[in-house]
Amino acid sequence: MAKEGSDKWDEQLYQKVDRYGLVSNLEQCLQCGKCTGNCPVAAITPSYNPRAIINDILAGSTERLLDSEEIWRCMWCANCYRVCPVDINYPFLIMQLRYMVLEKGYGLKYVLPINKFAFRALEEGLTFVPGQKGKEKIMRLRSGVDATPWPEVSDRAKMEMAEIFAQTGARHWMEDLEKEEEKPVRMSYREGRIVHEGS
Amino acid sequence: MKEARVISPEKRIPEVPEKLFLFRSCTGSMEYPGTEQAVKYVLDKLGVQVVMDADQTCCSGYILTCSGYLPEASLAVTARNLAMIEQKYDLDTYCFCNGCFGYNSELSHLLNHVPAIKEQANQLIGQWGYNYQGRTRIYHVQELYYRLLDKIKAQVVRPLNGLRVGVHYGCHYLAQQYGILDDGDLPTFHEEIIQALGGMPVFYKERRMCCGYAVGRGFTHKESVVQPHLGRKFDSAKEEGVQLMTTVCPGCNTALDREQPQLAKRGFGPYNIPVIDLAQLIALAMGAPISKLGFNANTVPLNGVLDIVGVGKGE
Amino acid sequence: MSDRSEMTALVIGGGIAGLEAAITIAGAGHQVVLVEKSPQLGGTTRELYSSFPRWENPAELVQGKIEEVQKAGVQVRTGFEVISSQKQGDIYRVVLEGPGQKREELVADAVVVATGFELFDVSAYGEYGYGSYPGVVNTLEFESHLREWARGEGKEAPPKTVAFIKCVGSRDRSKGYPYCSKICCMITAKQAGLVKEIWPDAKCHVFYMDYRAAGKGYEEFVRSVIEEKHVRYTRGRPAKILPEDGRLLIRTEDTLMGVPVEIRADMVVLAAAMQPGRGTREMSRIFDLNTDYYGFLEPVSGQAARVGERVFAAGGCIFPVENQGALQQGAAAGAGVVALFNQAR
């Protein structure tokens with residue numbers, strides 16, 4: 001078996017990835033390939049392969065997954081989930097896998113740029129609020145169709161949403177990510193090789 | 001085998017609501033305000049009263065799925081919004097964005113089926129007097145359009161004159177899989193609506209292809225994945241002579257509309273296929289004043305389409 | 001102890017399992033009434049053009065069994081169905097209904113149910129477009145295409161490429177049945193091999209998750225289809241079929257290579273799952289029989305063929321089975337009835 005604390009091979013990997021219990025039926029996977037066959041991203045870059053990622057999670061093969069660039073390509077279209085014969089909720093699996101690798105410093109460049117809007121949403125109660133110029137354009141468009149110049153979100157709502165994020169620790173988690181040291185990712189499924197030491 | 005995947009509209013919405021809560025979409029209210037107004041116009045014409053409330057926040061689902069927010073927070077935000085609707089209005093919740101619909105459905109499903117999750121959320125939001133019970137049902141307005149298709153058809157005053165419409169269903173309504181109006185791989189209910197409006201639905205080969213903008217891949221993988229992907233979708237639409245594309249999600253609308261000039265710069269197209277919300281098209285056919293439909297928010301202009309339908313500049 | 005001097009067995013279902021049971025019971029000197037709802041005997045086997053693993057003609061098998069049935073003096077009622085039954089002590093009072101709603105009552109001392117299976121309705125798979133896209137057919141529909149082509153029809157427009165998709169409705173906890181329907185891997189290999197026999201220039205692809213060839217001569221059969229008839233087997237369950245320019249575009253993954261694949265075909269054959277037939281479900285209700293979760297008849301624990309009091313079963317109504325297995329089960333059910341009748345003497 002691999003050395004204790006080794007990053008490359010982890011028998012508990014599935015449980016660690018599915019920390020919220022959102023994908024409890026992963027072992028039902030038949031490796032049939034319907035997911036990859038229907039995946040629009042795999043059609044563009046075959047190095048991204050949902051079936052192979054599921055296999056690696058079950059096998060405990062962290063080596064390829066941690067610094068993989070590919071796992072950041074899923075666009076949540078859920079085509080895979082729709083045709084899966086055992087209804088594996090792959091989008092939720094990828095979301096949780098991404099949490100895990102983010103905490104180790106991989107893939108930050110795919111989340112931190114969006115964080116600007118993520119933090120702003122906690123103040124505005126709306127997501128993807130643009131800067132001043134963008135706001136002015138929106139107000140013009142809205143007035144033109146007889147809507148209120150700005151979508152109305154009450155102060156109470158904004159406060160409560162911000163508090164939820166503070167009290168669940170979610171805001172703290174986001175702030176921690178900003179301080180994390182970024183590690184490089186690579187197209188590991190094109191180049192990856194698995195080495196199980198000492199087994 | 002599980003429960004029924006596809007159910008009739010009468011089973012999905014047994015009683016047509018007299019009044020409903022319309023869930024504000026962030027992208028809808030900011031990028032395409034005409035869509036929100038069109039939804040209200042259509043529902044009004046169908047005899048349904050609409051309530052919105054400033055106490056509703058963003059569903060927070062988009063950034064959750066980008067792995068930017070944690071589920072504990074989004075679950076509580078969802079519970080809070082839905083509890084507010086239950087306690088203030090006791091109405092069903094209708095979204096006009098596939099994203100809001102998908103996230104609210106999935107998160108409320110978890111809240112209602114895993115007691116520990118509901119308890120945790122209710123404990124948190126209880127400090128402000130909220131208590132989520134799971135009474136308000138989550139729908140998308142596209143379901144109501146189909147449920148009331150005959151009523152829509154009867155009110156068409158500007159038939160579309162055979163306009164070739166390529167429908168874009170988007171991913172997050174049909175991803176629900178069980179207890180929805182149509183099969184996720186071979187849906188036809190939007191095309192039936194187009195036909196009822198006097199348009200010619202085009203079953204272009206890649207009509208079921210995702211818009212590519214979910215979970216922020218438009219930020220992170222625009223050149224490497226999203227643009228080639230959209231190029232394939234639009235190539236397929238152009239080949240089959242699609243003159244207009246419709247969406248039921250402001251997120252998809254943003255992707256398909258705003259990305260076209262950038263695709264052209266990279267050598268995909270040019271396509272010049274305007275993209276509007278299905279509600280805007282229905283409102284157009286029902287005689288809504290054009291200036292109030294907010295088409296000036298669109299990147300790809302609609303001029304050709306309005307000519308085909310026979311709409312003058314002043315209407 | 002029965003006080004009846006002559007015992008009568010009722011065999012429900014005129015496929016080869018039922019025929020074999022009837023022959024066995026009549027051969028031991030008892031009265032047999034064989035009821036079949038369609039106008040002809042032979043069941044599903046009659047619809048087949050060829051059989052595995054020896055490429056034999058099923059029509060000859062069926063014809064042979066029909067002749068044996070006639071020689072053995074079995075009373076055959078085609079066009080008849082069992083509509084009700086009442087158990088009274090050691091006998092069943094059964095009502096049959098025939099053409100023109102003519103009704104007949106008969107008394108049976110034992111019953112053999114051999115009502116077979118039917119194919120799952122694969123229009124449930126929107127991603128494959130059965131019922132919407134021309135050229136997408138199921139196993140039995142394709143078998144009749146094979147028969148037509150072998151007769152010389154369709155020579156003006158032979159298919160350039162035929163693709164087979166296995167496990168449509170089987171091994172599927174989402175839209176179909178979780179179980180494996182057991183015989184479709186062999187049927188598909190047979191049909192794919194026949195395509196290459198009839199149209200040597202056609203390309204033939206089989207998309208599989210596994211191929212199950214657990215029988216005498218079965219592995220050799222499948223390998224011969226791959227190696228001698230040159231059918232391409234690709235491991236991957238197709239994700240989607242799209243109509244494109246009058247042909248069918250199949251999107252799948254070659255899972256052994258780990259790459260998505262696109263193939264264009266003229267005809268796609270869906271190897272549909274097998275489920276209990278309507279007759280099976282009705283007989284299990286009418287005779288109050290032991291069934292499994294899916295409605296297939298289930299022999300009582302430890303018994304070879306008995307599924308109820310004085311009721312035996314054979315063939316596809318228990319689970320999908322190939323011709324040889326159906327004959328064996330028919331003989332076992334027949335023997336069970338004969339042993340029961342012997343005890344009564």
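Quick note: numbers below take in every heavy atom, side chains included, and nothing from hydrogens, waters or symmetry partners. In what follows, chains are A, B, ... by sequence order, proteins preceding strands, each numbered from 1.
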For this session: Look at atom NZ of B:Lys222 and say whether more than 12 heavy atoms of other residues, nucleotides or ligands are closer to it than 6.0 Å.
Result: yes
Problem set entry | Toward chain B: residues of residues 128-136 of chain C with heavy atoms under 4.5 Å | C:Gly129, C:Ser132, C:Tyr133
For this session: May I ask you to check whether over 12 heavy atoms, not counting those of C:Arg264, lie within 6.0 Å of atom CZ?
Result: yes
For this session: Could you please state which residues from residues 244-262 of chain C sit under 4.5 angstrom from chain B, measuring non-hydrogen atom to non-hydrogen atom, sorted by number, or 'none'?
Result: C:Glu244, C:Leu249, C:Arg251, C:Glu262
Exercise. Relative to chain C, which segment of B:Asp183 carries a heavy atom at a distance below 4.5 Å: side chain, backbone, both, or neither?
Worked result: side chain
Exercise. Pairs in or reaching into residues 235-291 of chain C: which pass ring-ring contact (aromatic ring centres under 6.0 Å, His included), with residues at least two apart or in two chains?
Worked result: C:Tyr92-C:Phe287
Exercise. Does NZ in C:Lys203 sit with more than 12 non-hydrogen atoms of other residues, nucleotides or ligands closer than 6.0 Å?
Worked result: no
For this session: Please list, chain by chain and in numerical order, all residues satisfying side chain to side chain contact (heavy atoms under 4.5 Å, CB included) with C:Ala213, sequence neighbours excluded.
Result: C:Met186, C:Tyr211, C:Tyr218, C:Glu219, C:Val222
